[in-house]
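Positions are given from 1, in the same order as the sequence printed here. Everything numeric in this text was worked out from a predicted model, so none of it was measured.
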Amino acid sequence: MAISPVAISAYKNALTSASRIDTKVAESLAKPAMPGQSFMDTLQSSIENVNAMETKKADMIQSFASGETQNVHELMIHLQKASLAMGMTTAVRSKVMETYKELVKMQF
């Protein structure tokens, strides 16, 4: 009994996709490398991103008020993004300050 060429090619395709899946699983299970950024670097880049959003928001408001642009939808999206980013930054700042105050209260 001969095996059809279609069955052989299907078997080869299944083996190939199985080996790709095995490779992806092995990569995902590998230990991640040491982080390249410190907490301070991450915090600084986040604050710079929030500042850039605030600057873009101010520019968009100015261009909308002067009549240069008419896209209200895009303006509102950027306003919400900037508002959420500033809210999250304020929340993180509050938590850091609370933690600092708790550390100061501790007796060693």
Side-chain angles (χ1 to χ4, degrees):
M1 179 163 145
I3 299 174
S4 70
V6 174
I8 292 173
S9 66
Y11 180 73
K12 287 180 182 178
N13 288 338
L15 285 177
T16 304
S17 62
S19 67
R20 278 187 263 142
I21 291 171
D22 289 342
T23 304
K24 286 182 181 180
V25 169
E27 289 173 359
S28 68
L29 293 177
K31 289 186 179 181
M34 293 298 292
Q37 288 185 329
S38 67
F39 177 73
M40 187 66 175
D41 293 337
T42 303
L43 189 62
Q44 185 174 1
S45 68
S46 297
I47 290 172
E48 288 171 358
N49 287 341
V50 170
N51 189 37
M53 284 184 177
E54 288 293 320
T55 304
K56 185 172 182 177
K57 177 184 86 167
D59 292 343
M60 289 187 76
I61 290 172
Q62 181 67 31
S63 68
F64 183 77
S66 66
E68 292 174 21
T69 60
Q70 299 291 323
N71 195 347
V72 178
H73 182 70
E74 187 176 330
L75 174 66
M76 294 307 293
I77 289 172
H78 284 288
L79 287 174
Q80 285 298 315
K81 282 182 180 179
S83 175
L84 286 172
M86 186 58 76
M88 287 297 293
T89 303
T90 305
V92 168
R93 180 207 166 270
S94 297
K95 289 294 183 181
V96 168
M97 291 304 294
E98 287 176 23
T99 304
Y100 174 74
K101 288 177 184 176
E102 288 295 320
L103 287 172
V104 168
K105 289 180 187 177
M106 283 185 176
Q107 295 179 0
F108 294 99

Peer 1: Could you pull out all residues at least two apart from Asp41 that satisfy side chain to side chain contact (heavy atoms under 4.5 Å, CB included)?
Peer 2: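 Applying side chain to side chain contact (heavy atoms under 4.5 Å, CB included) to Asp41 gives Gln37, Ser38.
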Peer 1: Can you list the residues that meet the side chain to side chain contact (heavy atoms under 4.5 Å, CB included) rule with Ser83, with sequence neighbours excluded?
Peer 2: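 Counting only residues at least two positions away or on another chain, Ser83 forms no side chain to side chain contact (heavy atoms under 4.5 Å, CB included).
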Peer 1: Give, for atom NE2 of His78 and atom CG of Asp59, the distance between the pair rounded to the nearest 0.5 Å.
Peer 2: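 Going from the NE2 atom of His78 to the CG atom of Asp59 covers 11.0 Å.
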Peer 1: In Å and rounded to the nearest 0.5 Å, what is the CG to CD distance from Asn49 to Glu54?
Peer 2: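 The CG atom of Asn49 sits 12.0 Å away from the CD atom of Glu54.
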Peer 1: For Ala85 and Met53, which heavy atoms make the closest approach, and how far apart are they?
Peer 2: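 In terms of heavy atoms, the two residues are closest at CB-SD, 3.6 Å.
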Peer 1: Run Ile77 and Gln80 through side chain to side chain contact (heavy atoms under 4.5 Å, CB included) and show every step you take.
Peer 2: CA-CA 5 Å; Ile77 289 172; Gln80 285 298 315; 6.0 Å; no
Peer 1: Is there a continuous path of hydrophobic side-chain contacts, each under 4.5 Å between heavy atoms, that joins Leu79 to Leu84?
Peer 2: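 Leu79 and Leu84: separate clusters.
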Peer 1: Do Arg93 and Thr89 touch side chain to side chain, with heavy atoms closer than 4.5 Å?
Peer 2: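 The answer is no, as the side chains (C-beta and beyond) never meet within the 4.5 Å cut-off.
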Peer 1: With a 4.5 Å heavy-atom cut-off, do Lys57 and Met60 have their side chains touching?
Peer 2: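 Lys57 does not reach Met60 side chain to side chain.
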Peer 1: Would you mind reporting whether Met106 and Leu103 have side-chain heavy atoms less than 4.5 Å apart?
Peer 2: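 A side-chain contact under 4.5 Å exists here.
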Peer 1: Between Tyr100 and Phe39, is there shared hydrophobic-cluster membership here, with clusters defined by ILVMFWY side-chain heavy atoms closer than 4.5 Å?
Peer 2: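 No, Tyr100 does not connect to Phe39 through the hydrophobic network.
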Peer 1: To check you understand the geometry: which heavy-atom pair defines the closest contact between Thr69 and Phe64, and what is its length?
Peer 2: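 Between these two residues, the closest heavy atoms are O-CD1, 3.5 Å.
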Peer 1: Would you say Ile61 and Val72 are hydrophobically clustered, going by side-chain heavy atoms of ILVMFWY under 4.5 Å?
Peer 2: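 They do share one cluster, since a chain of ILVMFWY contacts under 4.5 Å joins Ile61 to Val72.
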